[in-house]
Amino acid sequence: MTTADSISERKSDSSDFFPKPSSGRTQRFIEKGAEIIFLLCALISIAAVVIICVYIFAGGIPAIAEIGLFDFLGGQRWKPYNEPAEYGIFPMILGSLYVTGGAVAVGVPVGLLTAIFMARFCPAPLYKVLKPMINLLAGIPSIVYGLFGMIVIVPIVRNLAGGDGNCIFTAALLLGMMILPTIIGLSETAIRSVPESYYEGAVALGATHERAVGTVVFPAAKSGILAGVILGIGRAIGETMAVIMVAGNQARMPKGLFAGVRTLTANIVTEMGDAGGLHYDALVATAVVLFGFILILNLCFSVLTNKKPKEGKSK
Amino acid sequence: MTMTGFRFDMKTYKKHPLSFLFMLLVWIAAALTAAVFIAVVGYVLIKGIPQLKPSLFAWNYTTDNVSMMPAIITTVEMVGISLLIAAPLGIFCSVYLTEYAKRGNKIVKVVRLTAETLQGIPSIVYGLFGMLCFVTSLKWGYSLLAGCFTVSIMILPLIMRSTEEALKSVPDSYREGSYGLGAGKLRTVFKIVIPSAGNGILAGIILAIGRIIGETAALMYTAGTVAQLPENVFMSGRTLSIHMYQLSREGLHTDDAAATAVILLITVFALNGLAEYIAKKLDKNKL
Amino acid sequence: MKKTFLSRFIAVSAALTAGLALAGCGSSGSGSGDTTTTAGGDTNSSSASVGAIAVVSREGGSGTRGAFIELMGIEVKGEDGSKTDRTTDEALIANSTNVVMTQVAGNVGGIGYISLGSLDDTVKAVTVDGTEATVDNILAGTYKVSRPFNIAVKGDVSDAAKDFMNYILSAEGQAVVQEKNFIPVDSAAAAFSSNGAEGKVVVGGSSSVSPVMEKLAESYQAVNPNVKIEIQTTDSSSGMKAAMDGTVDIGMASRELKDEEKASLTPTVIAMDGIAVIVNKENPVNALTSEQIMKIYTGEITSWDAVQ
């Protein structure tokens, strides 16, 4: 990240030294206009996020205040339909963490290795088949994954592990499958964009193909790979339609790998349609918590990307 | 970049068992990915193909013949309009971030953070936001336009993120060369940088297409679920995945839902192909 | 060289897929083996037990669940106005009728409840207190588990909307309701005569009501083609909200209206819907009492042995 930033800085500075084309003023005018348009686009994206944030937080924060932060985050009972109602989302927080963690454990290794395969190992004829396959996987709607999970994976898990098959394990497996194309797509681009000289240098020093790819090319592509992984995790945390069909959705504390669980998103989707009053706001507040998750995740990764290069160089 | 080719030399591997292991793992992972593809797509095809019948492609949807033709057309329209909104916005935004903004610029940090945050918002929240903002406040009602704007915001970070990565990976020498030949910044960006980053941008757009086609929750509350073909963008219509969701929901048309899944796959495949074709065309024209 | 790798690769992925498929077939295979032994068992105590009960319920806000827990006594109301939904925490929560049916159809020990209009032969409906879940029994009042389908409007509606509502409650409209396996509210309704209105009517709400509403719209437009009817399928509460803020002209709900909804909307019952209690087809149990169902859903009974 830092290296890229410094590159872009050098770039924008250096451009001033290069001679501009002849028609000076109009040219400069167009250049300036274009920059403003680009800046506007950037600002529009910020505006979109700000509006959504305002909307979510305006709904969620008062609800959290009314329920009480600790009762909301730490409460173990979610009984919105009772009178008096209870709104504790701790079980769902754990649920989301377990399911996403599982999905990462399944999807990230397979996804990254596949990305390496696609970029550095894949014979050309196979690539022509595999690449469209992965692109197609990215486009399969989550309900299709959900139905697949419910009809194919759930019975298998039920037979192997007992219970009713709708559990953390199934959900994690299915989500792991779903985040594969995201991770593969972005990581492959990142690995391919590592300059060929890195690889050649490593091979010239006597490294095998695998060693060169694994220890030189792959680490050099870290920023892009991490972007892909973050996107994948984001998708896993935010996924609903598929998880809802295989996770069981019980709003109670998780009881193990092979027992049902409800995620934050499932909580929002199952109840949003028919909620009103404080219940509705509590669901929006659930979205605020999700939001917080994503922020924390992004912060963690930006810390990671900023630190890693120093360690890498010492090797 | 050329394929380095695949060499399989048992002697080398005997000397470097770790390398062998790595090679093995990489192949297994790829095989697993392929297995996932075969399983999911195979499932869809086996379930769906027997249910396909010509009447499902009639121009009109009725309760006796739940035709998906209107939904197919709506899906294509939805993808087209949303990309028209989001792709330029996303690409220009990343151009600003990588080519124009100076290091340490606050806007860069804010945009990056917001983009990453946008990704984590579950689609149902987009749906409810779209409903409140476009459907109710702006009084567009359930309409294609409301749906398009909602999904545009949704796919914006995807396009931004992948474009940014792609732009960053364009070697600096390209830019310097262009400047050296006397090209201005704008010309460099459009003639050199964006075309060389074409593949990465395309990857983002393909992901975005997939996301739009697969979206249900966000569209149900914005574009609505009317099964007939919308006559203009201010009318409501359903995309294929909403069509499929609605068919399977009450358990009344599960067979037709299975058939719809097949068509969904074919649509994704076709749109991906189209995106690739356009990117290739642009590549040839520009370079 | 390349070829051998290509073929090896394909072979490995094919084998992995086959492994998956075999495991899947294994599960359904063992299931179908059970069918042959238990099929035809008419009484509850005919054959081996199917073991633990897998309770499938709907999400909290579902109209189906609301009616079910109230009628079965799963929800208890205290004197101080408190309400407690005692549905067991272990119940699997499905967010659509289809998911309930798939889960019950795929799990021998499953039990669930669905709208009578969606019932098909992938699952088996049990009798409740000795009465079968049929339209006739609900009409006769012997099968008690049912709920209303409501439409709701805000204040004055357009002539077109009025005309459509009149059609729904006419003899023709109620005939459509019955044809879709729902229970008409007025068996002696007058024949329909259109007021000749023109325009567009947007109807939106519950996905349970939507299939019958689509049918009603089609047959109405055959009588009065000058009115265009648009149907938005979301859910009961979204439908009511949309009716309140004017996004739709007529809202649909598969439950009674809440008090805050009643404050601004006028509901009309257009049909009744039975709720069928379903079990897996291989389950020998054919009859349950409402007390047994209550105990199953509150988690007191966890094995099918206890109700055989």
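Below, read A as the first sequence line, B as the second, and so on, with proteins coming before strands; counting in each chain starts at 1.
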Undergrad: Would you check if C:Phe182 and C:Val209 make a side-chain contact, meaning some heavy-atom pair closer than 4.5 Å?
TA: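 With C-beta onward as the side chain, the pair stays apart.
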
Undergrad: For chain B, find which of C:Glu218, C:Lys215, C:Glu230, C:Glu214 contributes the most heavy-atom pairs closer than 4.5 angstrom.
TA: C:Glu218

Undergrad: Contact between B:Ser143 and B:Val233 at the side-chain level, heavy atoms closer than 4.5 Å - yes or no?
TA: no

Undergrad: Does C:Met165 reach the side chain of C:Val153, with side-chain heavy atoms less than 4.5 Å apart?
TA: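 In contact.
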
Undergrad: Quick check on the structure: residues of residues 262-273 of chain B within a heavy-atom distance below 4.5 Å of chain C, by number.
TA: none

Undergrad: With sequence neighbours excluded, give me every salt bridge (Lys or Arg N to Asp or Glu O under 4.0 Å) pair touching residues 121-134 of chain B.
TA: none

Undergrad: Please look at C:Lys228 and chain B and tell me whether the side chain, the backbone, both or neither of the residue comes under 4.5 angstrom of a heavy atom of that chain.
TA: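 The side chain, not the backbone.
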
Undergrad: Select one option (side chain, backbone, both, neither) describing which atoms of B:Thr62 are under 4.5 Å from chain C's heavy atoms.
TA: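 Its backbone and side chain both get close to chain C.
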
Undergrad: Taking only residues two or more places apart in sequence or in another chain, which ones pass salt bridge (charged side-chain N to carboxylate O under 4.0 Å, His left out) with B:Glu77?
TA: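 Here no residue qualifies.
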
Undergrad: Pick one of side chain, backbone, both or neither for C:Ala217, based on which atoms fall under 4.5 Å of a heavy atom in chain B.
TA: neither

Undergrad: Could you go through the side chain to side chain contact (heavy atoms under 4.5 Å, CB included) check for B:Thr75 and B:His243 one step at a time?
TA: CA-CA 10 Å; B:Thr75 309; B:His243 183 65; over 6 Å; no

Undergrad: Please flag which part of C:Gln232 lies under 4.5 Å from any non-hydrogen atom of chain B: side chain, backbone, both or neither.
TA: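 Both backbone and side chain.
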
Undergrad: Of the listed residues (B:Gly141, B:Ala257, B:Ser236), which shares the most heavy-atom pairs with chain C below a 4.5 Å separation?
TA: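 Heavy-atom pairs under 4.5 Å are most numerous for B:Ser236.
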
Undergrad: I need the full list of salt bridge (Lys or Arg N to Asp or Glu O under 4.0 Å) pairs touching residues 27-53 of chain B, with sequence neighbours left out, sorted by first then second residue.
TA: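 Matches after skipping sequence neighbours: B:Lys53-B:Asp256.
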
Undergrad: Say you draw a straight line from CZ of C:Phe192 to CZ of C:Phe164; how long is it, rounded to the nearest 0.5 Å?
TA: 9.5 Å

Undergrad: Give, for atom CD1 of C:Ile168 and atom OH of C:Tyr220, the distance between the pair rounded to the nearest 0.5 Å.
TA: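 One finds 10.0 Å between CD1 of C:Ile168 and OH of C:Tyr220.
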
Undergrad: Within the structure provided, determine whether B:Ile212 and B:Met154 are in side-chain contact (heavy-atom separation under 4.5 Å).
TA: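 Answer no - side chains too far apart.
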
Undergrad: Identify which part of B:Met235 has an atom lying under 4.5 Å from any heavy atom of chain C, answering side chain, backbone, both or neither.
TA: side chain

Undergrad: For a 4.5 angstrom cut-off between non-hydrogen side-chain atoms, does B:Thr239 reach B:Ile213?
TA: no

Undergrad: B:Phe37 versus chain C, heavy atoms under 4.5 Å apart: side chain, backbone, both or neither?
TA: neither

Undergrad: Give, as side chain, backbone, both or neither, the part of C:Val248 having an atom under 4.5 angstrom from any heavy atom of chain B.
TA: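 The side chain, not the backbone.
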
Undergrad: Which atoms of B:Val226 are under 4.5 Å from chain C, going by heavy atoms: the side chain, the backbone, both sets, or neither?
TA: both

